[in-house]
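Computed from heavy atoms alone, side chains included, the values below leave out hydrogens, waters and symmetry copies.
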Amino acid sequence: MAAGLFAADEAGFLGEELPCADEGSGSEAGSPSCVVSTDGDEVTGVVYYRPEEAAPGVWDLTMIAVEPARQGAGIGFELLQHVEATLAAQGARLLAVRTSGTAQYDGARAFYDRAEYHLAATVEDWWADGDDLVLYVKRLRASP
């Protein structure tokens, strides 16, 4: 919400129930997880990821956010690398990211490009008319 990408009423899934832990702490394998990056008492970033229900070994990066004043300092990449390493150690195959195709999300798409995610698909008018779904994926372990 601080980055201006979501209004308070659009962020209902970010309620008190998120299973958040400090960066570097573990989570139960196979469970949705939320990791919070902090600097002292200040939250600097957060990432939430969960398993895809019908695709074994595939995970969804549901949300990643960095406090706007801290963007560009590598916090987002550190959080993303933590997720990738955690999931790879658990045997996950793919990490998928769904984002918007609007100009408002240009920075997010550039972030995934820099993190070497593969643009797998674009679905027109997914989120709303004129707002395309852009799907990125990253393989976490080699194919058999």
Exercise for the section: Check the pair Glu116 / Lys138 against salt bridge (Lys or Arg N to Asp or Glu O under 4.0 Å), numbers first and verdict last. Expected result: CA-CA 7 Å; Glu116 300 181 353; Lys138 188 170 198 177; 5.0 Å; no
Practice task
Decide side-chain contact (heavy atoms from CB on, under 4.5 Å) for Asp132 and Val123; before the verdict, give the C-alpha distance in whole Å, the side-chain angles of both, and the deciding distance to 0.1 Å.
Solution key: CA-CA 6 Å; Asp132 302 345; Val123 181; over 6 Å; no
Kindly compute the distance separating [atom1] ([X]) from [atom2] ([Y]), expressed to the nearest 0.5 Å.
X: Ile75; Y: Leu80; atom1: CD1; atom2: CG; result: 13.5 Å
X: Glu124; Y: Asp131; atom1: CD; atom2: CG; result: 12.0 Å
X: Arg70; Y: Asp39; atom1: CZ; atom2: CG; result: 4.5 Å
X: Leu119; Y: Thr99; atom1: CG; atom2: OG1; result: 11.0 Å

Problem - Candidates Leu140, Leu87, Val97, Leu94 - the one meeting side chain to side chain contact (heavy atoms under 4.5 Å, CB included) with Trp59 - result: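 Checked Leu140, Leu87, Val97, Leu94 against Trp59; only one passes side chain to side chain contact (heavy atoms under 4.5 Å, CB included): Leu87.
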Practice task
Check Leu61, Leu79, Ile64 against Tyr49 for a side chain to side chain contact (heavy atoms under 4.5 Å, CB included) and give me the one that passes.
Solution key: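 The residue from Leu61, Leu79, Ile64 that satisfies side chain to side chain contact (heavy atoms under 4.5 Å, CB included) with Tyr49 turns out to be Leu61.
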Please answer whether the main-chain N or O of [Y] pairs with a side-chain N or O of [X] as donor and acceptor at a distance below 3.5 Å.
X: Arg93; Y: Pro56; value: yes
X: Gln71; Y: Val66; value: yes
X: Asp125; Y: Gly130; value: yes
X: Thr44; Y: Ser37; value: yes
X: Arg141; Y: Gly91; value: yes

Practice task
Examine Val43 and Met63 and state if one hydrophobic cluster contains both, with Ile, Leu, Val, Met, Phe, Trp and Tyr joined whenever side-chain heavy atoms are less than 4.5 Å apart.
Solution key: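 Yes, because Val43 and Met63 connect within a single hydrophobic cluster, where side-chain heavy atoms sit under 4.5 Å apart.
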Problem - Single-linkage hydrophobic cluster, 4.5 Å side-chain cutoff, Leu95 and Phe77 together - result: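 Hydrophobic grouping puts Leu95 with Phe77.
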Exercise for the section: State yes or no: are the ring centers of Tyr117 and Phe111 separated by less than 6.0 Å? Expected result: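 That pair fails the under 6.0 Å test.
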Problem - Closest non-hydrogen atom pair, Ser31 against Pro51 - result: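 In this case the closest contact between Ser31 and Pro51 is C-CD, 4.2 Å.
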Problem - Closest approach of Tyr136 to Asp113 (non-hydrogen atoms, all atoms of both residues) - result: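 Between these two residues, the closest heavy atoms are CE2-OD1, 3.3 Å.
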Exercise for the section: Look at atom CH2 of Trp126 and say whether more than 12 heavy atoms of other residues, nucleotides or ligands are closer to it than 6.0 Å. Expected result: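 Atom CH2 in Trp126 is not packed in, count stays at 12 or less.
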Handout entry: Trace of the side-chain contact (heavy atoms from CB on, under 4.5 Å) decision for Val134 with Arg98
Key = CA-CA 6 Å; Val134 181; Arg98 295 173 186 91; over 6 Å; no
Exercise for the section: Taking the side chain as every heavy atom from C-beta outward, state whether Cys34 and Val46 have any atom pair closer than 4.5 Å. Expected result: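 In short, these two side chains touch, coming nearer than 4.5 Å.
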Exercise for the section: For residues Tyr48 and Pro32, determine if any side-chain heavy atom of one lies less than 4.5 Å from a side-chain heavy atom of the other. Expected result: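 Contact flag for Tyr48/Pro32 side chains = yes.
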